[in-house]
Amino acid sequence: MLEVRGLSTAYQGLLAIQGVSIEVDSGEIVVVAGANGAGKSTLLKSIAGMERPRSGEVVFDGARIDGLPGHAITAKGIAYVPENKRLFPRLSVADNLRLGSYLHRRAADREAPLERVFSLFPRLKERLPQRAGTLSGGEQQMLAIGRALMTRPRLLMLDEPSQGIMPKLVDEIFSAVEAIRASGTTILLVEQRLAESLSIADRAYVLQTGRLMLTGPAATLRDDPEVRRAYLGI
Ligand code: ATP
């Protein structure tokens, strides 16, 4: 479904990712892990059209998408939830969701994803009139994911959805990610919480200072003594 080949992206001449190649197959949950500054967010931004890669290719469903603007990539079926979520804090939950569905002009096309969002995150339905800025951190993350789902993506890319969220809600977010995949959306997940993300993922890639260090099936990485020592603290 998604093929990233030899992607390099630089900021002010400094390479943040270098020759990174990853693949995501339809129906998978794929995790990109790595320490702070490893280049995880840069990789997602480069796929989403928020940063322009210096070299390499991004192929989605057989067609090159690198170099396209973000809205064109969204229209092709890729939704992206950035680390800082970018909600509209003064607008209601309902309006934030509505803004996610701007691609679908027919009301009928907007209703189905809305029902899907409510069944995943019932507490959003309870809070439709509330201003997004007054939601808890976990609820804001649910709203950001919900808004992304309003575009009916085939691939959903999430940047550290568990960051800054209390532990009880972290489980809820990870369960939601599994449920989203079960209902037919492929997931590319950036996470620092490697233990939790390996438990829901099919495969993982580990980045270190902009380069791919390790890759393999989630179960293999979970059992690898070096991964356990270096990344899982076991
Ligand atoms: P974290 O887990 O802390 O979010 P990350 O793995 O997502 O880290 P990136 O945010 O992709 O890492 O950053 C990779 C490198 O690129 C870092 O050295 C960072 O300082 C640098 N970088 C990121 N964004 C910019 C920017 N807009 N301008 C300049 N340098 C940047």
Side-chain angles (χ1 to χ4, degrees), residues 1-9 11 15-48 50-51 53 56 58 78-85 137-138 141 144-145 148 153 155-167 169-181 185-234:
M1 176 181 246
L2 180 76
E3 251 184 275
V4 173
R5 301 178 189 141
L7 209 64
S8 299
T9 302
Y11 299 107
L15 283 168
I17 54 170
Q18 263 184 81
V20 172
S21 299
I22 70 167
E23 273 179 38
V24 181
D25 292 331
S26 182
E28 282 191 306
I29 296 179
V30 173
V31 169
V32 176
N36 285 313
K40 307 181 296 297
S41 300
T42 302
L43 175 60
L44 288 198
K45 286 179 193 163
S46 305
I47 298 169
M50 316 305 278
E51 293 291 346
V58 182
I78 300 181
Y80 164 58
V81 180
E83 203 167 0
N84 57 13
K85 304 185 206 56
Q141 189 63 57
I145 297 173
L155 174 67
L156 176 64
M157 303 197 297
L158 301 172
D159 196 345
E160 298 211 23
S162 76
Q163 204 192 35
I165 290 178
M166 58 187 223
L169 285 186
V170 169
D171 292 343
E172 222 174 290
I173 298 285
F174 276 99
S175 307
V177 170
E178 284 188 293
I180 292 166
R181 184 264 293 271
T185 301
T186 304
I187 309 268
L188 180 57
L189 174 66
V190 156
E191 259 297 334
Q192 289 206 35
R193 289 175 192 264
L194 195 56
E196 285 97 333
S197 45
L198 285 181
S199 71
I200 64 164
D202 299 295
R203 293 184 303 109
Y205 294 91
V206 180
L207 283 180
Q208 199 169 48
T209 53
R211 294 173 188 273
L212 210 56
M213 281 300 294
L214 265 175
T215 176
T220 309
L221 292 184
R222 214 164 43 217
D223 296 337
D224 181 310
E226 197 180 326
V227 172
R228 291 169 71 84
R229 190 172 39 77
Y231 300 99
L232 302 179
I234 301 170

As a quick check of understanding, evaluate side-chain contact (heavy atoms from CB on, under 4.5 Å) for R193 and V170, giving each step before the final call. CA-CA 10 Å; R193 289 175 192 264; V170 169; 3.9 Å; yes

Do the non-hydrogen side-chain atoms of [X] and [Y] ever get within less than 4.5 Å of each other?
X    : Y    : value
L43  : I22  : yes
P82  : K45  : no
L2   : V30  : no
Q192 : N36  : yes
I145 : L156 : yes

Please report the shortest heavy-atom distance between [X] and [Y], naming the atom on each side.
X    : Y    : answer
G137 : K85  : O-CE, 4.0 Å
I200 : R181 : O-NH2, 3.8 Å
A204 : L198 : CB-CD2, 3.6 Å
A33  : L194 : CB-CD1, 3.2 Å
G19  : S8   : N-OG, 2.9 Å
A148 : P153 : O-CD, 3.5 Å

Positive for side-chain contact (heavy atoms from CB on, under 4.5 Å) with P161, one of V190, V81, L189: L189

Treating [X] as the side-chain partner and [Y] as the backbone partner, does any N or O pair qualify as donor plus acceptor under 3.5 Å?
X    : Y   : result
K40  : A35 : yes
Y205 : G34 : no
R203 : E28 : no

Run the side-chain contact (heavy atoms from CB on, under 4.5 Å) test on S162 and I173 for me, step by step, so that the C-alpha distance in whole Å, both residues' side-chain angles and the decisive distance to 0.1 Å come before the verdict. CA-CA 7 Å; S162 76; I173 298 285; 5.6 Å; no

Please report the C-alpha distance between T9 and S46 in whole Å, then the side-chain angles of each, then the deciding distance to 0.1 Å, and finally whether the side chain to side chain donor-acceptor pair (under 3.5 Å) criterion is met. CA-CA 7 Å; T9 302; S46 305; 2.8 Å; yes

Who are the side chain to side chain contact (heavy atoms under 4.5 Å, CB included) partners of [X], not counting sequence neighbours?
X    : value
S26  : M1, T186
R211 : Q18
D171 : none

Value rounded to 0.5 Å, distance of [atom1] in [X] from [atom2] in [Y]:
X    : Y    : atom1 : atom2 : result
M50  : S41  : CE    : OG    : 12.0 Å
L158 : Q163 : CG    : CD    : 13.0 Å
M157 : D159 : CE    : CG    : 9.0 Å
T215 : L221 : OG1   : CG    : 7.0 Å
Y11  : I17  : OH    : CD1   : 8.0 Å
T220 : L214 : OG1   : CG    : 11.0 Å

side-chain contact (heavy atoms from CB on, under 4.5 Å) between I47 and L188, intermediate numbers included: CA-CA 11 Å; I47 298 169; L188 180 57; 3.9 Å; yes

